[in-house]
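Values below: all heavy atoms of this structure, side chains included; hydrogens, waters and symmetry mates excluded.
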Amino acid sequence: MSNPIKTNSAQEMVKDKNIFSKETMSNPIQASPIQANEKGIAIDGFDPVAYFTKNQAVKGTSIHSCQYQNRTWHFSSAENRDKFLENPEQFIPQYGGYCSHSIHENKLVHSNPEAFIVRDNKLYLYFNEEVAKQDVKVNKFTFTQKNIVRDNNWLTFKRTF
């Protein structure tokens with residue numbers, strides 16, 4: 001399990017030239033709103049389709065992979081890769097795969113792909129399972145209210161990529 005990597009708030013990131021310089025923005029591994037490792041592999045190589053079909057975090061493989069939004073996506077089967085390619089936006093985690101709880105707090109934190117929930121046919125990743133369980137417990141109204149805040153914060157973060 002990887003440790004979460006905490007960065008500044010969106011407003012601080014826009015001001016901090018050391019975080020987003022011309023050099024980092026011209027690098028395709030960094031110039032995407034999708035969380036990836038240093039090799040540009042999205043969500044640490046986990047299969048985004050398996051979250052929906054198996055309700056599990058399943059590690060994918062480079063044998064079944066594709067490119068989308070400057071990221072390499074790994075899948076556990078050719079069938080899952082093909083489903084993804086039919087409609088990628090259906091399977092991409094909300095908020096680029098960054099921790100949904102942290103986005104709500106206006107922070108950009110790397111997620112742990114094994115800490116997740118699928119709710120309302122959308123995938124949400126978190127930095128640990130305890131935080132994910134908190135969102136499972138909240139009612140639909142509260143979850144929707146949290147997502148309004150997350151959506152607004154995410155729009156600000158996306159402008160920094």
Between [atom1] of [X] and [atom2] of [Y], what distance do you get to the nearest 0.5 Å?
X: L85; Y: N80; atom1: CG; atom2: CG; value: 11.0 Å
X: Q35; Y: L125; atom1: CD; atom2: CG; value: 7.5 Å
X: S100; Y: N147; atom1: OG; atom2: CG; value: 7.5 Å
X: N153; Y: N106; atom1: CG; atom2: CG; value: 4.0 Å
X: Q90; Y: N121; atom1: CD; atom2: CG; value: 6.0 Å
X: H101; Y: Y124; atom1: NE2; atom2: OH; value: 15.5 Å

Assess the residue pair L108 and W154 against the criterion (side chain to side chain contact (heavy atoms under 4.5 Å, CB included)); give the C-alpha distance rounded to whole Å, side-chain angles, the decisive distance to 0.1 Å, and a yes or no.
CA-CA 9 Å; L108 193 64; W154 181 239; 4.0 Å; yes
Taking the side chain as C-beta and beyond, is there a heavy-atom pair between [X] and [Y] under 4.5 Å?
X: S32; Y: F161; value: no
X: W73; Y: S65; value: no
X: K83; Y: T53; value: yes
X: F91; Y: L123; value: no

Tell me which pairs pass side-chain hydrogen bond (donor to acceptor under 3.5 Å, both in side chains) where either residue lies in residues 131-144, with sequence neighbours left out.
D120-K140, Y126-D135, D135-K146, D135-R150, N139-T142
Considering non-hydrogen atoms only, spot the tightest contact between [X] and [Y] and give its length.
X: S111; Y: C99; result: CB-N, 3.8 Å
X: F157; Y: K107; result: CZ-C, 3.6 Å
X: A42; Y: I34; result: CB-CG2, 4.0 Å
X: E114; Y: F46; result: CG-CZ, 3.7 Å
X: P113; Y: A57; result: O-CB, 3.6 Å

Shared hydrophobic cluster, [X] / [Y] (ILVMFWY, side-chain heavy atoms < 4.5 Å):
X: F143; Y: V136; answer: yes
X: V138; Y: F141; answer: no
X: V58; Y: V49; answer: no
X: V149; Y: V131; answer: no

Check: Y98 ring centre within less than 6.0 Å of H110 ring centre:
yes
Aromatic ring proximity, centroids under 6.0 angstrom, Y51 and F116:
yes
For E89, give me all partners under side-chain contact (heavy atoms from CB on, under 4.5 Å), at least two apart in sequence or on another chain.
Y68, Q69, N87, I92
Residue pairs passing the salt bridge (charged side-chain N to carboxylate O under 4.0 Å, His left out) test where at least one lies in residues 47-61, sequence neighbours excluded
none
Should F127 and V109 be marked as a side chain to side chain contact (heavy atoms under 4.5 Å, CB included) after you check the CA-CA gap, both sets of side-chain angles, and the distance that decides it?
CA-CA 7 Å; F127 66 87; V109 176; 4.2 Å; yes
Worked check of side chain to side chain contact (heavy atoms under 4.5 Å, CB included) between T61 and H74
CA-CA 5 Å; T61 174; H74 286 186; 5.7 Å; no
When you check the side-chain N and O atoms of D151 and Y95, is any donor under 3.5 Å from an acceptor?
yes
